[in-house]
Asks: 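To start, I am sharing the structure in question, which I have written as structure tokens.
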Amino acid sequence: MIITLFFKLVSRIQFLATSTNQHGVHSPFVFDFVTKGLYQKSKKLALKNDFLAVQNLPKKEEKILSNICNYFKINQLYTNSKELENSLDNNYKLLYFNTIKNFMFDEAIPNSSQIFLVIHGIHSNSKSFQKWKSICKNNQAIVTVDVFYFGLVFFRREQVKEHFKIRI
């Protein structure tokens with residue numbers, strides 16, 4: 001317990017020292033997402049009522065996820081990739097993982113520019129953080145965004161592979 005708390009504290013300090021705001025982002029896609037999505041005042045904060053998967057999130061994390069959903073106009077949160085097979089329209093789809101522990105890249109996750117992953121708890125302990133670092137190195141993960149509470153993975157083939165740490 002104490003080791004986990006110590007890891008979170010050290011991880012938070014390292015994150016704050018190495019992360020950036022919108023001024024350090026040189027990708028138009030990520031810059032737009034940060035300025036018009038993450039940094040906006042949330043209009044809607046009713047995620048707990050809308051999606052069962054996020055019922056136990058603290059208010060700050062709920063606000064961040066709400067901003068992500070509002071920016072990409074997400075009206076359904078998917079928790080497994082099999083659900084995505086039935087809805088392949090041109091809207092963005094969010095595949096949410098409430099823990100990184102059991103996450104693995106596989107053929108089940110559709111590699112589409114319209115699908116992105118949100119992984120909760122990437123800085124919760126050293127194993128989670130190591131797993132997040134391996135996800136960032138994976139060739140399928142073109143754009144990865146670390147916002148400390150969540151890790152976002154985008155499969156944007158039209159963009160060069162980059163990793164961002166964004167301070168919120």
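The structure presented is a predicted model; accordingly, all values stated were derived computationally and were not measured. Note that the numbering runs from 1 along the sequence shown for the chain.
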Asks: Where is the tightest heavy-atom contact between Val143 and Val160, given as atom of each residue plus distance?
Replies: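 Val143 and Val160 have their closest heavy atoms at CG2-O, 4.5 Å.
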Asks: I need the Leu94 CG to Thr79 OG1 distance, nearest 0.5 Å.
Replies: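 Answer for the CG-OG1 pair, Leu94 versus Thr79, is 11.0 Å.
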Asks: Could you measure the distance from the CD atom of Glu62 to the NZ atom of Lys59? Nearest 0.5 Å is fine.
Replies: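 Interatomic distance, Glu62 CD to Lys59 NZ, rounded to 0.5 Å: 5.5 Å.
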Asks: Just checking, is any N or O donor in the side chain of Asp32 or Tyr71 under 3.5 Å from an acceptor N or O on the other one?
Replies: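 Result is yes, a qualifying pair exists.
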Asks: What closest approach, in Å, do Tyr39 and Thr35 show between heavy atoms, and which atom pair accounts for it?
Replies: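 Distance-wise, the nearest heavy atoms are CB-O, 4.1 Å.
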Asks: Let me see the working for Gln130 and Lys133 under side-chain contact (heavy atoms from CB on, under 4.5 Å), right down to the final yes or no.
Replies: CA-CA 5 Å; Gln130 291 305 317; Lys133 286 169 52 174; 3.8 Å; yes
Asks: From Asn56 CG over to Glu61 CD, what is the distance, rounded to the nearest 0.5 angstrom?
Replies: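 Rounded to the nearest 0.5 Å, the CG-CD separation comes out at 11.0 Å.
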Asks: Any idea how Phe154 and Phe33 line up, ring-wise: parallel (<30°), tilted (30 to 60°), or perpendicular (>60°)?
Replies: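 Perpendicular.
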Asks: Any chance the side chains of Ser113 and Glu158 put a donor and an acceptor closer than 3.5 Å?
Replies: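 A donor-acceptor contact under 3.5 Å links the two side chains.
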Asks: Could you label the plane-to-plane angle of the Tyr92 and Phe116 rings as parallel, tilted or perpendicular, counting under 30° as parallel and over 60° as perpendicular?
Replies: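 Taking Phe116 first and then Tyr92, their aromatic rings stand perpendicular (interplane angle over 60°).
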Asks: If you compare all heavy atoms of Phe15 against all heavy atoms of Val147, which two are closest, and at what distance to 0.1 Å?
Replies: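 Closest approach of Phe15 to Val147, heavy atoms only: CZ-C, 3.8 Å.
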Asks: What are the two closest non-hydrogen atoms of Gly121 and Ser128, and how far apart are they?
Replies: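 Answer, listing the atom of Gly121 first, then Ser128: O-CB, 3.6 Å.
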Asks: Answer whether the closest heavy-atom distance between the side chains of Phe164 and Val34 falls below 4.5 Å.
Replies: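 Heavy-atom side-chain distance check fails, nothing below 4.5 Å.
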Asks: Which atoms form the tightest heavy-atom contact between Gln140 and Phe155, and what is the distance?
Replies: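 Closest heavy-atom pair between Gln140 and Phe155: O-CD2, 3.1 Å.
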Asks: For the side chain of Asn67 and the backbone of Gln40, is there at least one donor-acceptor N/O pair under 3.5 Å apart?
Replies: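 Checked: pair present.
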Asks: First locate atom CG of Leu57, then atom NZ of Lys63, and finally report the distance between them rounded to the nearest 0.5 Å.
Replies: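 The CG atom of Leu57 sits 14.0 Å away from the NZ atom of Lys63.
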Asks: Please work out which of the three classes, parallel, tilted or perpendicular, describes the rings of Phe148 and His123, given edges at 30° and 60°.
Replies: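 Correct class here is parallel.
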Asks: For Lys165, run the side-chain hydrogen bond (donor to acceptor under 3.5 Å, both in side chains) check against Asp146, Thr18, Thr20 and tell me which one passes.
Replies: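 Only match with Lys165 under side-chain hydrogen bond (donor to acceptor under 3.5 Å, both in side chains): Thr18.
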Asks: Under the criterion side chain to side chain contact (heavy atoms under 4.5 Å, CB included), which of Val153, Thr144, Ile135 is the partner of Leu117?
Replies: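 Only match with Leu117 under side chain to side chain contact (heavy atoms under 4.5 Å, CB included): Val153.
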Asks: Output yes when a side-chain donor or acceptor of Lys93 lies under 3.5 Å from a complementary backbone atom of Tyr78, and no otherwise.
Replies: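 Absent.
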Asks: Keeping Lys161 on the side-chain end and Ala141 on the backbone end, is there a donor-acceptor pair under 3.5 Å?
Replies: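 Here the side-chain-to-backbone pair exists.
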Asks: For the pair Gln159 and Ser27, evaluate side chain to side chain donor-acceptor pair (under 3.5 Å) and give the outcome as yes or no after the intermediate values.
Replies: CA-CA 9 Å; Gln159 189 168 339; Ser27 160; 2.8 Å; yes
Asks: For the CD1 atom of Ile122 and the CZ atom of Phe150, what is their distance to the nearest 0.5 Å?
Replies: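 So the gap between those two atoms works out to 9.5 Å.
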Asks: How long is the gap from CD1 on Ile166 to CG on Leu38, to the nearest 0.5 Å?
Replies: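 That separation rounds to 7.5 Å.
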